[in-house]
Amino acid sequence: MTSSLHRGRPRRAKSHISVRVAHAVLGGAVGVVWLVLPGMTSGGDAPVAIKNPAPGASAAAAEDDERSTVDLVLPLVAVGTAGAIAGYGYLRRVRRTRVRTTPGGAGGAPPPRSSPPLAALDERACAALVEADNRVRAARTELGFAGALCTAQDLEAFRRAVHEAETELTAAFRMRQRYDEGVPAEDAAREHALAGIVGRCAEAGRRLDSVAAEFGRLRGLEQGLGEALGVAEGRFRELAGRAGASEAVLAGLRDRYAPTATASVTGSVEQAKDRLLFATVRLNQARQCADSGRPERAARQLRAAEGAVAQAAVFVDGVDRLAAELRSAEQTVPAALTGAEAELAWARRQPDPSARQRPAPGPATPRPAEPHPDASAPLAAAGTTPGGFEVRLQHVDAVLDSVRQELTGGQPRDPVGVLRRIVRATVPVTSGRAGVLPAAALITARTATAAAADFVATHRGAVGATARTRLAEAERLLATGDPADRPPADLLALEARELAERDVRAHGNPYVGIGAEETAGTGGAVLGGIVLAEEPEEGTPAGFAGPARPAQAPPGPD
């Protein structure tokens with residue numbers, strides 16, 4: 001909306017023009033009077049004949065002629081000067097009015113902003129988060145393979161650089177999480193927060209840039225693969241054997257537990273084999289390039305193979321980890337149920353917080369309808385509404401009763417899901433007296449966070465900034481060690497996994513190969529962010545050396 005000051009400018013412009021025109025008219029009138037006045041004064045005198053003019057008289061006549069010429073010229077000069085000034089002022093005012101951006105102007109284009117709009121800066125911040133996260137993850141992979149050939153002392157500076165980059169990235173994700181929560185609220189402050197996110201991501205990249213050249217010299221892949229190729233091939237063979245074992249483990253989990261218990265690792269073995277197939281092709285190409293005297297191309301192929309092997313390990317490790325988590329959850333369920341029942345009994349002995357705020361129901365006072373409060377609200381909050389206290393206790397009792405029936409039903413169950421239901425139901429009434437409930441909350445949060453982290457790591461070519469932000473926040477809450485942070489960490493991790501899966505579905509198949517051995521497994525490698533979809537044969541992981549081709553941030557106005 002235009003301010004009153006701006007809205008007034010056009011009217012003032014018109015008034016200035018009127019004043020200038022009036023000045024011009026007044027000047028013209030004065031000039032005309034000046035021209036006419038001598039004639040009017042001389043016309044009333046009778047002519048006097050002078051037969052013999054004296055020399056002095058001739059001189060006086062000459063003087064009079066000069067004065068008459070001056071009298072004629074000066075008014076003309078005055079009129080012309082006044083007109084020129086008025087015309088110049090008018091043209092200047094019209095020009096300024098045309099370029100003005102207020103409604104009173106002639107509709108000229110507004111001047112460009114000195115800073116990009118909020119939406120463009122938001123997109124740039126998301127792109128910066130994705131790129132920085134991908135780069136840090138790839139740098140960790142490179143460190144893992146370099147550690148097999150270098151001492152811990154040789155890698156100390158590089159591990160420190162990665163840790164510093166992770167610190168900057170964690171701060172950027174934290175800022176993004178608060179931004180998504182609406183903090184800060186003012187547009188100017190939100191723009192400043194987005195700029196801070198971009199700055200943090202850029203600083204994370206600079207930390208890796210500062211040691212990139214030295215790390216490249218340490219590995220020396222561009223000069224020759226050396227033992228690095230043997231290390232990658234050794235890990236490849238190890239994972240190929242583990243993938244078969246993980247397939248048997250997953251089959252056993254499906255027989256023992258409900259489908260929801262193994263949903264997070266469905267297809268993991270197949271995807272691990274796909275990454276290993278891609279690694280096979282790239283390892284062969286790396287060796288061929290090294291033998292034919294093309295060390296730089298051999299280095300690119302080897303780094304791509306290392307990225308695929310690392311992601312295959314994530315898939316295989318995820319199956320083994322889930323098996324251990326399900327066994328732990330299965331053992332914890334009976335104790336968690338007992339602890340929840342103890343918490344419920346303790347809560348029932350407490351006075352109803354809402355009993356003192358309403359009269360007891362009687363014949364003339366009908367009992368008010370009992371509301372259904374949010375299951376995540378605390379017990380004290382539930383008790384502030386009439387009947388809320390009893391409703392909350394009834395809800396907890398109903399959840400625990402369904403768990404008892406499920407445990408005695410003899411059907412395959414999801415132990416982690418059962419623990420999650422117990423924890424969520426008892427959070428509003430828990431007093432901390434039953435220590436097994438925080439342990440149950442730790443199992444659920446840790447399981448959900450690890451599953452989301454694995455999915456993002458192996459699909460980072462399609463996962464956006466929002467899913468990564470929720471995952472980072474879940475990891476932050478889980479790392480605090482505070483039992484109160486575990487339920488929200490579990491919720492955030494589940495949201496991160498859901499958002500990441502949605503991103504992958506929306507992204508679709510990023511690469512479609514055409515026959516040939518060279519394209520084997522490339523689609524999965526592109527989805528995993530190992531190579532670029534546009535140049536899968538040339539792209540390399542964006543680790544210490546940076547991306548093979550810088551990401552294109554949305555352009556903002558100049």
Side-chain angles (χ1 to χ4, degrees), residues 131-132 134-165 204-239 275-313 517-522 525-526 528-532 534-551:
E131 182 176 327
N134 286 344
R135 190 171 178 186
V136 168
R137 291 175 184 274
R140 291 197 204 106
T141 299
E142 293 185 64
L143 271 180
F145 282 92
L149 298 175
C150 304
T151 64
Q153 184 177 1
D154 293 336
L155 297 178
E156 178 62 28
F158 309 112
R159 296 187 187 279
R160 183 168 58 251
V162 171
H163 176 71
E164 293 171 353
R206 283 192 289 269
R207 299 298 175 92
L208 298 178
D209 289 338
S210 64
V211 296
E214 186 178 354
F215 186 78
R217 287 191 296 269
L218 177 67
R219 296 206 73 186
L221 297 181
E222 279 70 16
Q223 289 73 38
L225 301 183
E227 299 179 5
L229 182 59
V231 171
E233 291 175 338
R235 294 193 179 181
F236 167 82
R237 289 190 293 269
E238 176 191 356
L239 283 170
R275 298 295 194 276
L276 291 176
L277 179 61
F278 175 82
T280 300
V281 175
R282 291 310 174 96
L283 288 173
N284 291 335
Q285 291 178 350
R287 186 172 293 279
Q288 292 171 6
C289 291
D291 294 341
S292 61
R294 294 180 292 172
E296 293 185 359
R297 181 173 175 79
R300 290 197 299 269
Q301 302 301 329
L302 177 59
R303 280 194 289 266
E306 290 175 345
V309 170
Q311 290 196 8
E517 182 185 6
E518 293 183 352
T519 63
T522 304
V526 171
I530 298 171
V531 294
L532 301 176
E534 299 83 359
E535 298 175 346
E537 298 299 323
E538 301 296 330
T540 57
F544 282 99
R549 185 173 61 206

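Closest non-hydrogen pair, L208 versus G543, comes out as CD1-O, 4.3 Å. Considering all non-hydrogen atoms of both residues, A212 and F544 come closest at CB-O, 3.1 Å. Taking all atoms of both residues into account, the shortest heavy-atom contact from P295 to G224 is CB-N, 4.5 Å. The heavy-atom pair separating T141 from G307 by the smallest distance is CG2-CA, 4.3 Å. For the residue pair R282 and A305, the shortest heavy atom distance occurs at CB-CB, 3.8 Å. Contact between A304 and I530 at its shortest, heavy atoms only, is O-CG2, 3.4 Å.
Side-chain contact check for R135 versus D209: some heavy-atom pair is nearer than 4.5 Å. A heavy-atom distance below 4.5 Å is not found between the side chains of Q288 and Q301. Side-chain contact between L239 and R275 is absent, with no heavy atoms from C-beta onward closer than 4.5 Å. For the pair V211 and V162, the minimum side-chain heavy-atom distance is 4.5 Å or more.
Evaluated for a side-chain contact (heavy atoms from CB on, under 4.5 Å) with R287, the options D291, N284, L283 yield exactly one hit, D291.
Note that CG of L302 and CZ of R219 are 6.5 Å apart. Values are rounded to the nearest 0.5 Å. Of the inter-residue distances, the one linking L276 atom CG with F236 atom CZ reads 5.5 Å to the nearest 0.5 angstrom. Taking CD of E164 as the reference point, atom CZ of R159 lies at 14.5 Å (rounded to 0.5 Å).
Partners of V231 according to the side-chain contact (heavy atoms from CB on, under 4.5 Å) rule, which considers only residues two or more places apart in sequence or in another chain, are F145, A148, L149, R235. When the side-chain contact (heavy atoms from CB on, under 4.5 Å) test is applied to S292, the partners found at least two apart in sequence or on another chain are R294. Scored by the side-chain hydrogen bond (donor to acceptor under 3.5 Å, both in side chains) test, E222 finds R303 as partners (sequence neighbours excluded).
Other residues, nucleotides and ligands place more than 12 heavy atoms under 6.0 Å from the CZ atom of R140.
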